[in-house]
Number of protein chains: 2
Amino acid sequence: MAFHALSRLTPRAREIVQTARQLLEQEGPDALSMRRLGAQLGIRASSIYEHLRDKQALEAALISVGFEEQAELFAQAVRRSDTPIAALAAAYRDFARRQPNLYRLMTERPLRRDLLASGVEEAAAMPLLEAAGGDRERARAIWAFAHGMVILELNQRFPPDADLDTTWRKGIDALHGAG
Amino acid sequence: MAFHALSRLTPRAREIVQTARQLLEQEGPDALSMRRLGAQLGIRASSIYEHLRDKQALEAALISVGFEEQAELFAQAVRRSDTPIAALAAAYRDFARRQPNLYRLMTERPLRRDLLASGVEEAAAMPLLEAAGGDRERARAIWAFAHGMVILELNQRFPPDADLDTTWRKGIDALHGAG
DNA sequence: AGAATGTCCTAACGGTGTTAGGTTAGCGCC
DNA sequence: GGCGCTAACCTAACACCGTTAGGACATTCT
């Protein structure tokens, strides 16, 4: 999965992006340097530029893959549950905890939408919008809550003894019915 | 205001932090390099290390100032309004929009609490906890929503035509009464 | 006077993204 | 067989980054 977002890239570029993803997730954001990535691939940093325009393009490819995987996971979550909003919340948190560095990369700066694979951002957002009955207002509020919960958790901003499952449940419940 | 957080620093270190703050807010996060900061002060980057241990310490000082100002603004907001949660939400958003780069610095990574001025994080959190009637669960949910709204707005993740005032109002209303 | 302190300096180390320009291997084609 | 083209890699360099070692002052304290 998650190869369609890279379909515009050459095979070698795809390999590089896959390697970059492993490097990012396994060794953290500082490891995602052109030199470290080159070393992982057995080539020099400058050779990467034959395959990807620059680091921004590499990051955009990683973000595109992330959105595509989110879209798939979120659609699945809705399909498998009869409480779609709750299922989406769980899937959202799960994605971020499993791949915190990719999640951060996807959310910590304004998106270079011109560099993303087309449609992936919308595809990731669609399941929630549908689960909210097409109510964009409600979908946005739920998304903001979910992102806030996730990123504050990843950044260890809650006290260690905080019961985040409960906070999630209460928050989602409250926002769920809000008109 | 916002000098108490720096009271542990020498006068020269305080000047440096103040300059750093202007540099960060006026020229963006990339401008906050030791060399650029030195240039702004008319000294070499290496001279900064006479006054601050390293860049982390500089950032921790900036973050401490940010928390201290938040604490003051939030306390004021509660004092001046009879709908404290709504007032806090407005003050929270206002702080972030006025100083987006400082807000990002304060929230985008795990806190080095050992480097912060003591008590400032708690002081900033206190007004909301009190406005939530001491209900930590509720305070956390509201905080997560507020941070999510703010950071997604700063990162231009909502469509340009989104009515964020309404999203804020509905979200806060919903989370307000939630038990 | 002499010591200590505060403040700055130059020079360097290893790291970053990126570009210019050069090499080699393999392929299609006359 | 040899020509040209392309893909993939290379070295060397540029300007930046955080940081440290070691040295030069000028002011202040004893």
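Labels below follow one simple rule: chain letters A, B, ... track the order of the sequence lines, proteins then strands, and each chain is numbered from 1.
- Nucleotides of DNA chain D with any atom under 4.0 Å from a heavy atom of chain B span, from 5' to 3', D:dC17 to D:dT20.
- Remark: the backbone N or O of B:H176 is paired with a side-chain donor or acceptor of B:R138 at under 3.5 angstrom.
- Across the protein-nucleic acid pair, A:M34 atom CE and C:dG17 atom C1' stand 7 Å apart, rounded to whole Å.
- Nucleic acid contact for A:L52: none, since no nucleic acid atom lies under 4.0 Å from a heavy atom of the residue.
- Both B:L102 and B:L111 are members of a single hydrophobic cluster when ILVMFWY side chains are connected at heavy-atom separations under 4.5 Å.
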Pairs under 3.5 angstrom only: tabulate donor-acceptor contacts from the side chains of residues 26-53 of chain A to other protein residues two or more places apart or in another chain.
{"from": "A:E27", "atom 1": "OE1", "to": "A:R36", "atom 2": "NH2", "distance (Å)": "2.9"}
{"from": "A:S33", "atom 1": "OG", "to": "A:R36", "atom 2": "N", "distance (Å)": "3.0"}

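- Contacts of A:L37 with the nucleic acid, taken as non-hydrogen atoms under 4.0 Å apart, are absent.
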Show me the side-chain donor-acceptor pairs of residues 143-165 of chain B shorter than 3.5 Å, one per line, residues at least two apart or across chains.
{"from": "B:W143", "atom 1": "NE1", "to": "B:Y92", "atom 2": "OH", "distance (Å)": "3.2"}
{"from": "B:H147", "atom 1": "ND1", "to": "B:Y103", "atom 2": "OH", "distance (Å)": "2.6"}
{"from": "B:E153", "atom 1": "OE1", "to": "B:R93", "atom 2": "NE", "distance (Å)": "3.1"}
{"from": "B:E153", "atom 1": "OE2", "to": "B:R93", "atom 2": "NH2", "distance (Å)": "3.1"}
{"from": "B:E153", "atom 1": "OE2", "to": "B:R97", "atom 2": "NE", "distance (Å)": "3.4"}
{"from": "B:N155", "atom 1": "OD1", "to": "B:R104", "atom 2": "NE", "distance (Å)": "3.2"}
{"from": "B:N155", "atom 1": "OD1", "to": "B:R104", "atom 2": "NH2", "distance (Å)": "2.5"}
{"from": "B:N155", "atom 1": "ND2", "to": "A:T107", "atom 2": "O", "distance (Å)": "2.8"}
{"from": "B:N155", "atom 1": "ND2", "to": "A:E108", "atom 2": "O", "distance (Å)": "3.4"}
{"from": "B:R157", "atom 1": "NH1", "to": "A:M106", "atom 2": "O", "distance (Å)": "2.7"}
{"from": "B:D163", "atom 1": "OD1", "to": "B:D165", "atom 2": "N", "distance (Å)": "3.4"}
{"from": "B:D163", "atom 1": "OD1", "to": "B:T166", "atom 2": "N", "distance (Å)": "3.3"}
{"from": "B:D163", "atom 1": "OD1", "to": "B:T166", "atom 2": "OG1", "distance (Å)": "3.3"}
{"from": "B:D163", "atom 1": "OD2", "to": "B:T166", "atom 2": "OG1", "distance (Å)": "2.5"}
{"from": "B:D165", "atom 1": "OD1", "to": "B:R93", "atom 2": "NH1", "distance (Å)": "3.3"}

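- Using a 4.0 Å cutoff on non-hydrogen atoms, no part of residues 104-111 of chain A comes near DNA chain D.
- Shown here for A:A117 and A:S64, the closest heavy-atom pair between the two residues is N-OG, 2.9 Å.
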Verdict with reasoning, B:E15 to B:R12, per side chain to side chain contact (heavy atoms under 4.5 Å, CB included): CA-CA 5 Å; B:E15 287 177 23; B:R12 187 56 170 142; 2.7 Å; yes
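- Relative to the axis of its first five pairs, the axis of the last five pairs of the helix from C:dA1-D:dT30 to C:dC30-D:dG1 sits at 20°, rounded to 10 degrees.
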If a protein heavy atom is under 4.0 Å from the base, mark B; if only from the sugar-phosphate, S; if neither, -; do that for nucleotides 3-14 of chain C going 5' to 3'. ----BBBB-B--
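- Residues B:A123 and B:P127 approach most closely at O-CD, 3.2 Å, considering heavy atoms.
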Output, in order, the C-alpha distance, side-chain angles, deciding distance and verdict of side chain to side chain contact (heavy atoms under 4.5 Å, CB included) for B:L128 and B:I85. CA-CA 7 Å; B:L128 175 57; B:I85 301 266; 4.1 Å; yes
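- Closest of all the heavy-atom pairs between B:D135 and B:E137 is OD1-N, 3.0 Å.
- Between the side chain of A:R14 and the backbone N or O of A:L9 there is at least one donor-acceptor pair closer than 3.5 Å.
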Does the pair A:V78 and A:F74 meet the rule for a side chain to side chain contact (heavy atoms under 4.5 Å, CB included), with working shown? CA-CA 6 Å; A:V78 171; A:F74 296 166; 5.7 Å; no
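- In this structure, the separation between CG on B:L129 and CD1 on B:I142 is 10.5 Å, given to the nearest 0.5 Å.
- Using a cutoff of 4.0 Å between basic side-chain nitrogens and carboxylate oxygens, B:E69 and B:R98 are not scored as salt-bridged.
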